[in-house]
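Quick notes on the structure that follows.
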Amino acid sequence: MRKILLIGKTGQLGREIMKDSSLFDFKIVSFGKEELDVTNELQVKEKIEEIKPDILINTSAYHVLVACEENPLKAMAVNFVAVGKMAKLCKKYGIKFITYSTDYIFDGEKGAPYEENDKPNPLQIYGISKLAGEYAALNSCPEGVFVIRTCGLYGGEKGSPEKKGNFVLNIIKETQNKEIIEVSSEQIVSPTYAGDLSKATLRLLNSKANPGVYHLVNEGYCSWYEFAKEIFKLINIDRKILPIDRGGISGGAERPKFSALKNIKAKNLGIELPSWQEGLKLYLNFLKKIK
């Protein structure tokens with residue numbers, strides 16, 4: 001049984017990987033940011049030497065867009081510098097390294113889902129820092145790094161600790177005190193359920209996949225407005241939803257208008273996530289069970 005050292009156990013994805021690891025015959029040792037500071041290279045090195053993992057999975061990120069714009073040095077420290085140092089440590093100790101990136105490395109001008117080899121052009125500090133992290137990791141340990149890009153991630157009972165929720169939870173919460181819900185209609189994404197992403201990641205690790213960049217998202221794409229409509233339909237919420245074109249600006253940060261991703265490389269290995277509609281159903285069923 002191979003051993004995983006997981007960084008970021010309290011996040012939406014980290015929690016799912018912890019749940020799913022035994023299903024794929026992995027033993028997992030995990031840490032949250034209060035237990036392990038990803039920017040402290042010595043701490044990470046000590047954990048690697050203590051645990052002796054076969055695989056290091058990094059799900060930590062500084063990912064609140066406005067916070068990244070306001071604190072670019074912190075965004076670079078977590079999303080770029082720390083990732084590059086982890087990759088170097090993994091090379092030194094002969095460990096596979098999995099780290100996650102984002103659709104926000106693209107500018108959205110293609111007008112169709114992005115493939116792994118499409119040219120990046122990030123629009124904001126968050127995307128720049130994540131792309132820098134990709135380059136740092138792949139350059140530091142090309143023979144052992146898997147960069148997994150995803151899009152519109154949601155999951156968990158409470159969503160993301162940093163964002164205090166996720167799109168699904170927040171839109172449901174809005175219905176408690178609003179009769180009309182306004183939702184962005186110009187941003188086209190591939191909303192991805194963390195439970196599906198976790199299983200696809202672990203399947204990738206159990207496959208004969210070569211290191212490199214992979215897109216793992218629920219199949220298909222939609223606007224956030226269409227996604228909200230599907231949420232309301234599935235849980236029978238009777239509220240009016242207004243599509244709003246915000247011109248790609250939200251919370252003071254620029255976002256790509258069409259940043260859906262296409263899973264090409266993993267699909268060639270037989271690894272495919274369900275449709276975004278199926279992923280949403282799974283998540284809503286999970287929320288229903290824990291009530």
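Counting from 1, the numbers follow the sequence of the chain as shown.
The aromatic rings of Y154 and F227 are tilted relative to each other, their planes meeting at an angle between 30° and 60°.
F286 and I235 end up in the same hydrophobic cluster when Ile, Leu, Val, Met, Phe, Trp and Tyr side chains are linked at under 4.5 Å.
The cationic atom of K110 (NZ for Lys, CZ for Arg) lies less than 6.0 Å from the six-membered ring centre of Y114 and within 45° of the ring axis.
Using a 4.5 Å heavy-atom threshold, the side chains of L205 and I57 count as touching. Within the 4.5 Å cutoff, no side-chain heavy atoms of D118 are placed close to those of E116. Contact of the C68 side chain with the Y62 side chain is registered, since non-hydrogen atoms from C-beta on lie closer than 4.5 Å. Counting heavy atoms from C-beta on, the side chains of I231 and I237 never come closer than 4.5 Å.
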Given the rule in the side chain to side chain contact (heavy atoms under 4.5 Å, CB included) test, do F31 and I51 qualify, once you have shown the distances and angles that lead to the verdict? CA-CA 12 Å; F31 298 94; I51 292 156; 3.5 Å; yes
Are K3 and D54 close enough, and set up right, to give a salt bridge (Lys or Arg N to Asp or Glu O under 4.0 Å), and what steps lead you there? CA-CA 5 Å; K3 192 185 291 183; D54 302 289; over 6 Å; no
Can you list the steps and then say if N206 with R2 is a side-chain hydrogen bond (donor to acceptor under 3.5 Å, both in side chains)? CA-CA 10 Å; N206 273 341; R2 287 180 297 164; 2.7 Å; yes
Please assess E16 against K19 for the test salt bridge (Lys or Arg N to Asp or Glu O under 4.0 Å), listing each intermediate value before the final yes or no. CA-CA 5 Å; E16 296 295 334; K19 273 197 303 191; 3.5 Å; yes
Please assess K9 against E35 for the test salt bridge (Lys or Arg N to Asp or Glu O under 4.0 Å), listing each intermediate value before the final yes or no. CA-CA 10 Å; K9 74 175 186 183; E35 301 165 304; 3.3 Å; yes
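The minimum heavy-atom distance between R203 and G270, with the atom names listed, is NH2-O, 2.8 Å. Of all heavy-atom pairs spanning C151 and S259, the tightest one is SG-O, 3.8 Å. Closest approach of G152 and D103 over heavy atoms only: N-OD1, 4.4 Å. Residue S190 comes nearest to V217 through the heavy atom pair CB-CB, 3.9 Å, listed as atom of the first residue, atom of the second, then distance. Between E157 and L169, the closest heavy-atom pair is O-CD1, 3.6 Å.
D196 and Y283 share no side-chain donor-acceptor pair at under 3.5 Å. Side-chain contact of E134 with S101: a donor-acceptor pair under 3.5 Å is present, judged by distance alone. Side-chain contact of N166 with Q12: a donor-acceptor pair under 3.5 Å is present, judged by distance alone. Side-chain N/O atoms of N79 and Y126 include no donor and acceptor closer than 3.5 Å.
A side-chain hydrogen bond (donor to acceptor under 3.5 Å, both in side chains) with K45 is found for one member of E49, E41, Q43 and no other, namely E49.
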